[in-house]
Protein chains: 2
Amino acid sequence: MSSPDPFDRHDHAACRKRALAQAEAICAERLTPIRRRVLDLLLESHVALGAYDVLQRLQAEGHRAQPPVAYRALDFLVANGLAHRIERLNAFVACHRPEKCEAPAFLICRECNRVAETASASRRGALARDARALGFEIEQTVIEAQGICSGCRTS
Amino acid sequence: MSSPDPFDRHDHAACRKRALAQAEAICAERLTPIRRRVLDLLLESHVALGAYDVLQRLQAEGHRAQPPVAYRALDFLVANGLAHRIERLNAFVACHRPEKCEAPAFLICRECNRVAETASASRRGALARDARALGFEIEQTVIEAQGICSGCRTS
DNA sequence: AAACGAGACGTTATAACATAACAAGTGTGC
DNA sequence: GCACACTTGTTATGTTATAACGTCTCGTTT
């Protein structure tokens with residue numbers, strides 16, 4: 001099992017393997033080699049990666065990729081719930097639990113730049129209540145908290 | 001008084017005037033003409049403005065401004081709580097209640113692009129609880145919900 | 001008054017992020 | 001075969017953001 005705390009050390013390799021297997025289960029043949037590789041790049045990174053970071057890594061592996069290649073793969077992963085875009089960072093992280101991930105929230109450490117994914121408040125939070133009162137129909141919510149993780153604070 | 005519902009029509013002129021007065025109270029002489037003008041541009045717009053939108057408007061008024069001029073003014077306003085950056089849109093909105101604005105959340109209509117500001121969940125929400133459990137110290141939270149406002153849904 | 005420092009603004013250049021548009025390859029079903 | 005949906009390759013460009021340095025003003029120090 002993965003640690004519930006993404007700031008903790010945990011078994012990265014197992015984590016990646018499981019996430020990739022889930023991705024294949026979700027996408028079947030649509031998880032093409034490029035998309036799979038990009039997902040794995042996100043999984044092996046402990047920090048959020050920008051599209052150009054992904055691009056560089058692809059190029060370092062011999063791909064002569066241009067920006068749209070990275071953006072398309074990332075867009076696909078996000079659309080299929082396999083990755084998340086962190087608006088605050090203009091960057092992307094893999095989703096470690098694509099099956100049971102709904103309305104995630106993120107904790108972004110400004111020191112080590114790691115991003116933890118947590119479950120967000122449900123439909124019953126204050127925001128949802130406010131929205132309902134205004135007749136506003138929420139379709140998607142971005143929740144990103146910046147701060148400092150326990151590891152960085154103590155050091 | 002301003003309407004509690006930013007999607008409602010309300011007395012823009014009074015709203016702007018009050019917000020500007022509050023801004024002056026908060027910043028005193030540091031609210032320079034450029035900053036004041038940028039704030040007013042945000043106040044008179046019903047949608048979030050990008051930095052380059054602001055820039056265009058300044059230029060249209062005869063200013064020969066370059067991008068840093070807009071970014072500096074916007075950064076100042078955000079730093080002083082007079083405006084908010086909407087990450088999702090890479091754009092800015094004026095704060096209508098700079099005095100009592102803390103941890104705001106935003107409702108963004110994808111149809112009319114208007115942005116409503118609401119109070120976010122406090123320190124006692126699920127996110128704060130999760131963060132505390134992880135030893136993560138939240139310094140700032142971005143909450144942005146996209147959806148469709150009542151006006152746009154009915155039409 | 002001269003010297004200094006802080007803050008705001010002007011200006012040039014460039015970095016960083018993102019997408020439009022079109023060509024070309026691949027596989028499926030008709 | 002051919003129409004189609006989908007993926008990828010490629011060129012070019014659009015959009016957002018900041019680094020770096022100069023200058024001006026004003027208030028304070030000497």
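Note on naming: letters A, B, ... go to the chains in the order of the sequence lines (proteins, then strands), and numbering restarts at 1 for each one.
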*asked:* Regarding D:dT8, can its base be found pairing with the side chain of A:Arg37 as donor and acceptor, where the two atoms are less than 3.5 Å apart?
replied: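 Per atom types, no contact qualifies.
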
To the nearest angstrom, how far is [X] atom [atom1] from [N] atom [atom2]?
X: A:Arg30; N: D:dT7; atom1: CZ; atom2: C1'; result: 10 Å
X: A:Arg72; N: D:dT11; atom1: CZ; atom2: C1'; result: 12 Å
X: B:Leu49; N: D:dT16; atom1: CG; atom2: C1'; result: 15 Å
X: B:Gln56; N: D:dT15; atom1: CD; atom2: C1'; result: 12 Å
X: A:Phe76; N: D:dT7; atom1: CZ; atom2: C1'; result: 10 Å
X: B:Asp75; N: D:dA19; atom1: CG; atom2: C1'; result: 14 Å
X: B:Gln66; N: D:dA19; atom1: CD; atom2: C1'; result: 15 Å
X: A:Tyr71; N: D:dT16; atom1: OH; atom2: P; result: 13 Å

Greater than 12 external heavy atoms within 6.0 Å of A:Glu61's CD =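 Enclosed.
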
| query | Going through the checks in order, is the side-chain contact (heavy atoms from CB on, under 4.5 Å) test met by B:Glu111 and B:Cys149? | reply | CA-CA 8 Å; B:Glu111 203 53 45; B:Cys149 73; over 6 Å; no

Q) By centroid distance (under 5.5 Å) and plane angle (under 30°), are B:Tyr52 and D:dT15 in a stacked arrangement? A)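 Whether judged by distance or by angle, B:Tyr52 falls short somewhere, so it does not stack on the base of D:dT15.
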
| query | Looking at B:Ile86, B:Val115, B:Leu39, B:Val78, which hits side-chain contact (heavy atoms from CB on, under 4.5 Å) with B:Phe92? | reply |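 Of all the options given, the one that passes is B:Val78.
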
- Message: Pick the closest DNA chain C nucleotide for B:Thr32 and for A:Ala91 by heavy atoms, then say which residue is nearer the 5' end.
- Response: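 Taking each residue's closest nucleotide, the earlier one in sequence belongs to B:Thr32.
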
Item checked: By ring-ring contact (aromatic ring centres under 6.0 Å, His included) - contacts of A:His12 (at least two apart) ->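 A:His12: ring-ring contact (aromatic ring centres under 6.0 Å, His included) contacts with A:His10.
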
Open item on the list: Using heavy-atom distances to pick each residue's nearest nucleotide on DNA chain D, tell me which of A:Asn90 and A:Ala65 is more 5'.
Closed with: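 So the residue in question is A:Ala65.
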
Under a plain distance cut-off of 3.5 Å, with no hydrogens placed, do B:Asn80 and B:Arg30 share a side-chain donor-acceptor pair?
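No, no side-chain donor-acceptor contact under 3.5 Å.
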
- Which nucleotide span of DNA chain C, 5' end to 3' end, has atoms closer than 4.0 Å to non-hydrogen atoms of chain B?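 Answer, 5' to 3': C:dA8 to C:dT12.
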
Could you tell me whether B:Arg37 and B:Asp40 make a salt bridge, using a distance below 4.0 angstrom between a side-chain N and a carboxylate O?
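Here B:Arg37 pairs with B:Asp40 in a salt bridge, since their nearest N and O are under 4.0 Å apart.
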
- Query: Does the gap between the ring centers of B:Phe106 and B:His84 come in under 6.0 Å?
  - Reply: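 Yes.
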
